[in-house]
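Letters A, B, ... are given to chains in the order of the sequence lines, protein chains preceding strands, and every chain is numbered from 1.
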Amino acid sequence: MKKKVSRLKVPHNKHTAGCASVPVTPPPEVVLPLSMHSGAPAEPVVQVGDYVRVGQLIGKEGGEISSPVYATISGTVSAIEPVKLNTGRTVTAVRIQGDGKMEKDPDIKVPEVHDLDSFLAAVQRSGIVGLGGAAFPLWKKLDAVRTNPVHTVLINGAECEPYITSDHRLMLEHADQIAKGVEYLRTYLKAEEFIIGVENNKPDAIAHLEETFKDDPSVKVMAMDSVYPQGARQILLYNATGKVVQPGQRLASLGVIVINITSLAKMAQYLTDGMPLVDRCVTVDGSAVAKPGNYVAPVGTTVGYLIEQAGGFSEPAGKVLLGGPMMGRTTTTLSEPIVKATGAVLAFNQKDSAQMEPTACIHCGRCVENCPIGLNPTAFARDLEIEDEAEKVAALDRHNIKLCMECGCCSYVCPAHRPLVQNNREGLALSKKAARAKKEGGK
Amino acid sequence: MEQLITTSSPHIHSGASSRRIMLDVIIALLPASVAAVVIFGMKALAVLAVCVVSAVAAEALFDLLAHKPQTVGDCSAVVTGLLLGLNLSTNVPLWQCAVGSVFAIIVVKCLFGGLGHNFANPAIAGRVFMLLAFSAVAGGAMPAGAELVTGATPLELLPAGVSDQLPSLWEMFIGLCGGAVGETCALALLLGYVYLVVRKVIKWYVPAIFIGTVFVCCFIASGDVVLALYEVLAGGLFLGAIFMATDYVTTPINAQGRMLFALGCGLITFIIRWFCRYPEGVSFSILIMNILSPYLEKWTARKPLGG
């Protein structure tokens, strides 16, 4: 019996699990940041005034690790300008004024795929990135197969964040695409084993997937405990396979790739109809939303428009965030666009947005007990008080700050309401900065 | 649209608060407090009241004079006062109770930076201070209505072996014997233990390991189960193991560290009681382990996943 990691039970609040996904009315405008993936930003290939159609390339890859960006509505490019996102970064974005026609790009055709090279090239053109939130270009992840043969594909359908049900709906509504995606990976990556990890709070999705794959012994639908953060890569990997990525090691070297279930389905869709990633299902929920549900919206749709589509605000909102309540980021403005990896837009009323005042740490140990990785957040807090910068970073590194994935469990359980995740973020930033400086100094 | 609130994730919280934890500890101490008054009479109530009031007043005054934000609202001073009071006998003059409380709060807690920064459990340190300053704190007092007003406590009688002078094990369990007001009724303390475990305030294993270690050691040393049971029920073992060895601030933060802490407390209690024939084993064992706590934490740190 291997030891259990991750035991935190958070309220699921999956109110929208029964809400079938519905497309939104085409928005009058979209804002498409050219950097909504990890890696280099895409470079614009359109100009202000150009007429663009759905699926037309507007930003080409800007580097080795990058992802193309496509027009998600038809209309006129009204601006190419810097936009400040809720991540704090300012990125170039293409603004398109829609004509409401949602005219498809006539050049769209089904990609020709016959071997690994053409398969990866197609995935690269699809514009698909890790849609669970990591936003790492999918083709680059699959590209690892060239150096490390992939034996197991772990498909992440855990969806452990409260509120979000967009993956859940996908499993119920588009299991055929998931099956197609599995076939592609089997054919081109030569993967032999497929594990679909789904939290056991979605019994209907598990049953449906089991039915879908009942004749395929290589696909195992694994019901996982509904504990947060079951869907975090390292946690899911450990709980599903018992494997652990060691520091400095790449996941692929274990013969495993972990892929988000929506990314997989979108990939299959692209390979079938040639339409790149232009829209996605977003869960709109929260105490300030009138009609919570799952809405399929063009990427770049503003948060405000999406909430309008969900019946608008039922009461004044305190916080509006992109993503789940554990790791999602608040936005200052309703004109914030949803990006490729946005799985949810949540709006909370004033009461649910209230902040609690931090009090003194009483050393209760709940943060340590509930850290899925086994870190000690109080140690990071102490380390940050060290004045000497070099010593501070050394202490943070000694306490393994690099392993923190900012999942939020420590802050969630802290009875003193300490800003533990913020501390960890600060520590992570300092550690990364020091590592970068060292690397550059060594050159 | 009015201003949206921007904060760091996570955006939901378990609802736990330090104040709620302290309230739970106070609730868990109520059975023992009631038992103290039932067994030792109104004098016990006076001891508890003086300790609580002087502890809270000391903290309020300290915050005021030091221009610090008022912290009495977190209820931790109530816990300290109540615990200290339960650790004293009715023989202790009330002014000494007050001095002990003030020492516990001001010297042990506030001067080190307040809640969360003290290295030793304030109630334990207060009790040990009183022991050294005023000698008797626990011994002497007999239950109200007993024939003798003062006499030897079971812990003082035990070195001579099990004898007729000792109360029965049942009397020991329900608290009809001499000692500090809150330490004699094991039944009431166990109720508090169950409450704290159910409320997830403490881990079940800390008191269990502490008490279990004392029992096993006494049994091995004497070969007598009855004597070992007497040792476990006598003195402040239950009170200390359930309420003081589980203090968050002064014990290791991780599970393995806490287990080791409890084991160390049990061993030191046994050594002090058995070899030194000194009845104050529990207080000193916890105090010594408090000091070792940071090391225990360091030695037992868990290897992180992927680290």
Write down the atom of [X], the atom of [Y], and the distance for their closest heavy-atom approach.
| X | Y | answer |
| --- | --- | --- |
| A:Arg366 | B:Ala16 | NH1-CB, 3.8 Å |
| A:Thr359 | B:Ser18 | OG1-OG, 3.8 Å |
| B:Leu305 | A:Pro372 | CD2-O, 4.4 Å |
| B:Pro10 | A:Ser411 | CD-CB, 3.4 Å |

[X] versus chain B, heavy atoms under 4.5 Å apart: side chain, backbone, both or neither?
| X | value |
| --- | --- |
| A:Val368 | both |
| A:Pro162 | side chain |
| A:Asn86 | neither |
| A:Thr378 | side chain |
| A:Gln355 | side chain |
| A:Cys361 | backbone |
| A:Leu321 | side chain |

Per-residue contact mode, [X] against chain A (heavy atom under 4.5 angstrom):
| X | value |
| --- | --- |
| B:Thr251 | backbone |
| B:Ile12 | both |
| B:Pro69 | neither |
| B:Arg19 | neither |

Open item on the list: Please verify the inter-ring angle class for A:His417 with B:His13; under 30° counts as parallel, over 60° as perpendicular, anything in between as tilted.
Closed with: perpendicular
Open item on the list: Using a 6.0 Å cut-off, check whether atom CZ of B:Arg20 has over 12 heavy atoms from anything other than its own residue.
Closed with: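 Enclosed.
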Task: Heavy atoms of other groups near B:Gln70 CD, more than 12 under 6.0 Å - done: yes
Interatomic distance, [X] atom [atom1] to [Y] atom [atom2] [nearest 0.5 angstrom]:
| X | Y | atom1 | atom2 | result |
| --- | --- | --- | --- | --- |
| B:His117 | A:Ile362 | NE2 | CD1 | 11.5 Å |
| A:Thr332 | B:Leu4 | OG1 | CG | 7.5 Å |
| B:Lys298 | A:Asn376 | NZ | CG | 13.0 Å |
| B:Ile5 | A:Asp352 | CD1 | CG | 10.5 Å |

Task: Sub-4.5 Å side-chain heavy-atom contact between A:Glu406 and B:Ser9 - done: no
Check whether any side-chain N or O of [X] sits under 3.5 Å from a backbone N or O of [Y] as a donor-acceptor pair, and report yes or no.
| X | Y | result |
| --- | --- | --- |
| B:Ser14 | A:Tyr412 | yes |
| B:His11 | A:Ser353 | no |
| A:His363 | B:Gly116 | no |

Open item on the list: Assess, by modelled atom type and distance only, whether the side chains of A:Arg329 and B:Thr7 contain a donor and an acceptor separated by less than 3.5 Å.
Closed with: no
Task: With B:Phe103 via ring-ring contact (aromatic ring centres under 6.0 Å, His included) - residues at least two apart - done: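 Expected list: B:Phe129.
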- [ ] Considering only NZ, NE, NH1 and NH2 on the basic side and carboxylate oxygens on the acidic side, decide whether B:Lys203 and A:Glu369 come within less than 4.0 Å.
- [x] yes
